[in-house]
Each structure stands twice: as structure tokens, then as C-alpha cells.
Enquirer: 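Take a look at this one; I'll ask things after.
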Amino acid sequence: RDNAVWDKRAALKLRVVSTNREGAVVDSMEYTLTADERNDRYKIVNLTRPCVDYQIEVYVDRGTSPIHLYNEIEPYYFPIRTEADWNAFRQKVADSQGLYDVNARLYADISVSKGVGVYRGCFDGNGHTLTMVEEQGATSYLAPFEQVKDATIRNLRTTGSLASSEKNVSGLVGWVHENGNVLIENCRSSAGIKSFVDGDAT
């Protein structure tokens, strides 16, 4: 599941309890799954005691992990190293419909041809450069981040060329939604912008 965190320090355990016809416990065995068993989702257990009922339970021993609360977990950042990763990030943003955060971090200088739609979350450019390669067209909100809601964009450099005959062309953010809470920190844009709007280009 996206944004889920598995702390490998937490022990995944398998408990096997056998009971007789009266429901009294006859035996109890507990196994700690190895990393291979956990990854393979596969564990072999020999059940050899006759005339008993077996109760099998798989559980996480939370006491073996120092992470207990969701707000103590470091946020997950989707890694972006290529244009394909950027496009996967764009799809995640589209799927979110601006209803929840989609965090991402850039790990290389990349060139892209499409910006991100309605963005909410934290984007860490990590000091890298995002180059926009755009053909001239009739596109509104032409920018690396076309529209943003509640977002933080930091440590990002943008360059490239953007041209449109519609409004809101930008080297970073095309439009901020009303009542949006947006922080832009340590960013620099040297993108070339051309507007062919006859009048207010905003």
C-alpha cells in the first residue's frame, strides 16, 4: 500500500495453540518469522498432535519496534530519478484529486514534458534541476506544478522553455487555489517563458 511503512525491527510472529474437546489449552507454540519467511509470506509448521483443535494467529509484536504512533513515522517520499518516475508521480497526484498529500523527492536532474496537476503535499527537489521541455500550445496553467492546494515545494531548480497562448504560464507554480496554504522555500527558476495572450496573461 502506498505510504505504508514496515519497520523491520518489529517481529512478525506466528502463534499455534492446540486445545482439546473441552477447550482447554494442551500446547502453545510461538514462532518468530525470519526476514525470508516474512518477505515470501510463507511459513511451514508441522501439526502432529492428534485429537486437538488448532488455533493459528499471525501478529506483529509492536513492543519490538520503537515506532508506535503514525505521527512518529517519517513521511514517505516517492523517489523520482527519471522522467518515467515523474510520470508515475503525476499519476499519483491525479489519483489523489487533491484530497490527500503525495510527497516526492528528486534524486537526479531530469527533463520532463508535462507538469503536475492539482498538487497537495511536500515536494523536495533535493538540490536537483527539473527541466521543462514544452511545445508552444493552448495550455492554461503551464508550469512544473500547474495548480497547487496545500503544498510545500523546496530545494528545487527549474529551467527549460514554456510557451502558451493561454493564461498562467510559470517557471514553478501556475496557480494557487483559493485559501491554499503554500510554502516555496529555497527554489530558483531560470525557465524561459513566452506568452502569446492578447491582453491580461496573469
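What you are looking at is a predicted structure, and each value in this text was computed from that prediction instead of being measured.
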Enquirer: Check the pair Leu12 / Val58 against side chain to side chain contact (heavy atoms under 4.5 Å, CB included), numbers first and verdict last.
Expert: CA-CA 7 Å; Leu12 185 63; Val58 178; 3.9 Å; yes
Enquirer: What about Val118 and Leu99, same hydrophobic cluster or not, with Ile/Leu/Val/Met/Phe/Trp/Tyr joined at side-chain heavy-atom distances under 4.5 Å?
Expert: no
Enquirer: For the NZ atom on Lys43, are there more than 12 heavy atoms of other groups (residues, nucleotides or ligands in this structure) within a distance under 6.0 Å?
Expert: yes
Enquirer: Answer whether the closest heavy-atom distance between the side chains of Thr131 and Asp109 falls below 4.5 Å.
Expert: no
Enquirer: Measure across Val25 and Thr19 and return the closest heavy-atom pair with its distance rounded to 0.1 Å.
Expert: CA-CG2, 4.1 Å
Enquirer: Could you state the interatomic distance from OG1 (Thr32) to CD (Glu37), rounded to the nearest 0.5 Å?
Expert: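 Separation between the atoms: 9.5 Å.
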Enquirer: To the nearest 0.5 Å, tell me how far Asp101 CG sits from Ser96 OG.
Expert: 8.5 Å
Enquirer: Test of understanding: clusters of I, L, V, M, F, W, Y form through side-chain heavy atoms closer than 4.5 Å, transitively. Do Leu183 and Leu106 belong to the same one?
Expert: no
Enquirer: I need the minimum non-hydrogen distance between Leu172 and Cys187, along with the two atoms involved.
Expert: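 Residues Leu172 and Cys187, closest heavy atoms: CD2-CB, 4.3 Å.
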Enquirer: In terms of heavy-atom contacts, does CG of Asp198 have more than 12 from other residues, nucleotides or ligands at under 6.0 Å?
Expert: no
Enquirer: Side chains of Glu83 and Asn87: do they bring a donor and an acceptor to under 3.5 Å?
Expert: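 Absent: no donor and acceptor within the cut-off.
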Enquirer: Please identify each residue that fulfils ring pair (Phe, Tyr, Trp, His ring centres under 6.0 Å) with Phe78, with sequence neighbours left out.
Expert: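 Phe78: no ring pair (Phe, Tyr, Trp, His ring centres under 6.0 Å) contacts found.
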Enquirer: Residues in side chain to side chain contact (heavy atoms under 4.5 Å, CB included) with Glu57, at least two apart?
Expert: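 Expected list: Arg15, Tyr59.
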Enquirer: Name all residues meeting the side chain to side chain contact (heavy atoms under 4.5 Å, CB included) criterion together with Asn186; count only those two or more places apart in sequence or in a different chain, and write none if there are none.
Expert: Asn155
Enquirer: May I have the list of side-chain donor-acceptor pairs in residues 142-151 shorter than 3.5 Å, sequence neighbours left out?
Expert:
unit_1	atom_1	unit_2	atom_2	d
Gln147	OE1	His177	NE2	2.9
Lys149	NZ	Gly98	O	3.4
Asp150	OD1	Asn181	N	2.9

Enquirer: Hey, does Leu47 have a side-chain heavy atom less than 4.5 Å from the side chain of Val52?
Expert: no
Enquirer: If two hydrophobic side chains count as joined below 4.5 Å and joins carry through other members, does Val182 share a cluster with Val93?
Expert: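 Shared cluster, yes.
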Enquirer: When you compare the side chain of Val173 with that of Tyr119, does any pair of heavy atoms fall below 4.5 Å?
Expert: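 Tyr119 does not reach Val173 side chain to side chain.
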Enquirer: Just by modelled atom types, is the Asp85 backbone N or O under 3.5 Å from a matching donor or acceptor in the Thr82 side chain?
Expert: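 Yes.
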Enquirer: Would the distance check show the side chain of Asn126 and the main-chain N or O of His128 forming a donor-acceptor pair, the cut-off being under 3.5 Å?
Expert: no
Enquirer: Is the side chain of Arg157 donor-acceptor paired with the backbone N or O of Gly127 at a distance under 3.5 Å, no angle test?
Expert: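 Side chain of Arg157 to backbone of Gly127, a donor-acceptor pair under 3.5 Å: no, none is there.
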Enquirer: Return the set of residues passing salt bridge (charged side-chain N to carboxylate O under 4.0 Å, His left out) with Arg49 (not counting sequence neighbours), or none when no residue passes.
Expert: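 With neighbours one apart ignored, the set is Asp27.
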Enquirer: Ignoring hydrogens, what is the shortest heavy-atom contact between Arg154 and Cys122? Give both atom names and the distance.
Expert: NH1-SG, 3.5 Å
Enquirer: For residues Thr48 and Tyr54, report the shortest heavy-atom separation together with the two atoms involved.
Expert: N-OH, 3.5 Å
Enquirer: Using every non-hydrogen atom in the two residues, find where Thr159 and Ser190 come nearest and quote the distance to one decimal.
Expert: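 The pair with the smallest heavy-atom distance is OG1-OG, 3.5 Å.
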Enquirer: Please name the pair of heavy atoms, one in Trp86 and one in Lys114, separated by the smallest distance, quoted to 0.1 Å.
Expert: NE1-O, 2.8 Å
Enquirer: Under a 4.5 Å side-chain heavy-atom rule over Ile, Leu, Val, Met, Phe, Trp and Tyr, are Phe123 and Trp175 clustered together?
Expert: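 Looking at the clustering, Trp175 is in a separate group from Phe123.
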Enquirer: Hydrophobic cluster membership, with links at side-chain heavy-atom distances under 4.5 Å among I/L/V/M/F/W/Y: are Leu33 and Ile56 in one?
Expert: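 Yes; Ile56 is reachable from Leu33 via cluster members.
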Enquirer: Whether the side chain of Thr158 engages the backbone of Gly171 through a donor-acceptor N/O pair (distance < 3.5 Å, no angle test) should be reported.
Expert: yes
Enquirer: Which distance, rounded to the nearest 0.5 Å, do you find between the CG of Asp53 and the CG of Asn20?
Expert: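 That separation rounds to 8.5 Å.
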Enquirer: List for me each residue that meets side chain to side chain contact (heavy atoms under 4.5 Å, CB included) alongside Asp200, sequence neighbours excluded, and say none if there are none.
Expert: Lys167, Thr202
Enquirer: Can you measure from NZ (Lys194) to CG (Leu162) and round to the nearest 0.5 angstrom?
Expert: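 Nearest 0.5 Å value for the NZ-CG distance: 11.0 Å.
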